[in-house]
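Read the structure below first, then the notes.
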Amino acid sequence: PEEKRNKEFYRLWTMKESYIKMTGEGMQLPLDKFEVDFEEGIQIYREGEKQNCFVREYQLSQGEQLQYLISVCSEEEKFVLLKEIAAKADWSGDEDLTQNQDFINDLAEEIGNVKNNLKDIDTYISKQYGMGRFRSIYNEYEAKKRNLRKIDFEDMLVMTLKLFREYPDVLKKWQQKYKYILVDEFQDINQAQYEVIRLLAAPENNLFIVGDDDQSVYGFRGAKPGIMKEFKKDYPGTKQVVLNVNYRSTAHIVNGALRVIKNNRLRYPKEIKASMKADKTVHVQEVKDTAEEAHYVLDKIRNSLKNGQEP
């Protein structure tokens, strides 16, 4: 939600700037609805500009004229395109699927994963949609975007990687700009992001990464926690610092979580200690669906407040 909010905020801000440049007049846009203060707004704008500058350099490297610069496709535009394309595909009598938003979300997600993991669409096999059908939808989606002079969020990453690989002079410029690189939440990095980071960090390789392989939750978006596991092989001189004290949860929660996560074999072995005392034991509550879960949590909050517990 925060990533989507930031992209929409940046889109409206740049729209307002363009309008002012063209007309010399002000433009009222609902920027207040994003609930960001001035400093956060500036930060979001700068991050958007940083991403877009890579896209602009890529376009110029391909000989494209400035007046035909492409723009970033919003999530809503992406879903409209995919719904239109998917509706024309043969679903063996189950065409109603394409009207289901979850179905379109899953389709968009898989297309994103193909790009994030640098897969070749000509050899990629979709388990959910089938090889031929998925490839046809993917290729038509890409063609329609090109005709509209649009790129999606994953394209910005793939195009940046292509730019760096094919134009050493551009890569050198950005390597000189960023001498030291820190990457947070490294467990959620995908292959394309990692390749960009590796190119940017070279040749000094002043990389500082922070992550917890036990907390990787974005596999559905192409994140590969295995990259973190193999980091030492890519950078043999790496020094590892394990932060093994948990300051957030009680001992019962930490120990209970460790008993579960230890079953994961693709992780760094580590023993986590809790700084807080054991206190109450872990309670596991079964519910039949998300609605019952929400009611259960709400009742617990109300009871806690009624018993004098501070929010």
Taking side chain as C-beta onward, heavy atoms only, is [X] less than 4.5 Å from [Y]?
{"X": "Tyr124", "Y": "Tyr138", "value": "no"}
{"X": "Phe164", "Y": "Leu200", "value": "yes"}
{"X": "Asn244", "Y": "Glu271", "value": "no"}
{"X": "Glu185", "Y": "Gln215", "value": "no"}
{"X": "Phe134", "Y": "Ile125", "value": "no"}
{"X": "Ile272", "Y": "Asp214", "value": "no"}
{"X": "Lys262", "Y": "Arg267", "value": "yes"}
{"X": "Arg133", "Y": "Ile137", "value": "yes"}

[atom1]/[X] to [atom2]/[Y] distance, rounded to the nearest 0.5 angstrom?
{"X": "Lys115", "Y": "Met156", "atom1": "NZ", "atom2": "CE", "answer": "11.0 Å"}
{"X": "Lys306", "Y": "Ile301", "atom1": "NZ", "atom2": "CD1", "answer": "13.5 Å"}
{"X": "Ile181", "Y": "Arg198", "atom1": "CD1", "atom2": "CZ", "answer": "12.0 Å"}
{"X": "Glu142", "Y": "Asp152", "atom1": "CD", "atom2": "CG", "answer": "6.5 Å"}
{"X": "Asn246", "Y": "Lys273", "atom1": "CG", "atom2": "NZ", "answer": "13.0 Å"}
{"X": "Met131", "Y": "Asp122", "atom1": "CE", "atom2": "CG", "answer": "8.0 Å"}

* Can you list the steps and then say if Asn190 with Leu157 is a side-chain contact (heavy atoms from CB on, under 4.5 Å)? -> CA-CA 11 Å; Asn190 61 48; Leu157 189 57; 3.8 Å; yes
* Ignoring hydrogens and angles, state whether a donor on the side chain of Glu109 or Asn113 is under 3.5 Å from an acceptor on the partner side chain. =>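 No, because no side-chain N or O of Glu109 sits under 3.5 Å from a partner of the opposite role on Asn113.
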* Are Gln193 and Glu195 close enough that a side-chain donor and a side-chain acceptor fall under 3.5 Å? ->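 No, because no side-chain N or O of Gln193 sits under 3.5 Å from a partner of the opposite role on Glu195.
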* To do: Taking only Lys NZ, Arg NE, NH1 and NH2, and the carboxylate oxygens of Asp or Glu, determine whether Lys270 and Asp213 approach each other closer than 4.0 Å.
  =>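 Answer for the salt bridge query: yes.
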* Asked: Salt-bridged, Lys224 to Glu230, with N to O below 4.0 Å?
  ->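 Salt bridge absent between Lys224 and Glu230.
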Got more than 12 heavy atoms from elsewhere within 6.0 Å of [atom1], [X]?
{"X": "Glu286", "atom1": "CD", "answer": "no"}
{"X": "Lys229", "atom1": "NZ", "answer": "yes"}
{"X": "Lys88", "atom1": "NZ", "answer": "yes"}
{"X": "Tyr235", "atom1": "OH", "answer": "yes"}

* **Intermediate values then yes/no, side-chain contact (heavy atoms from CB on, under 4.5 Å), Asn206 and Phe208** => CA-CA 7 Å; Asn206 290 322; Phe208 187 102; over 6 Å; no
* **Verdict with reasoning, Phe186 to Phe231, per ring-ring contact (aromatic ring centres under 6.0 Å, His included)** => CA-CA 10 Å; Phe186 193 76; Phe231 187 81; 5.6 Å; yes
* To do: State whether Tyr141 and Lys145 meet the cation-pi test: NZ (Lys) or CZ (Arg) under 6.0 Å from the six-membered ring centroid, and within 45° of the perpendicular axis.
  =>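 Relative to the ring axis of Tyr141, which defines the angle, Lys145 lies inside both limits.
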* Asked: Tell me the ring-ring contact (aromatic ring centres under 6.0 Å, His included) pairs involving residues 240-284, sequence neighbours left out?
  ->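 Pairs touching residues 240-284 that pass the test: none.
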* ring-ring contact (aromatic ring centres under 6.0 Å, His included) pairs, two or more places apart, involving residues 102-121 ->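 Residue pairs with at least one partner in residues 102-121: Trp91-Phe103, Phe103-Tyr129.
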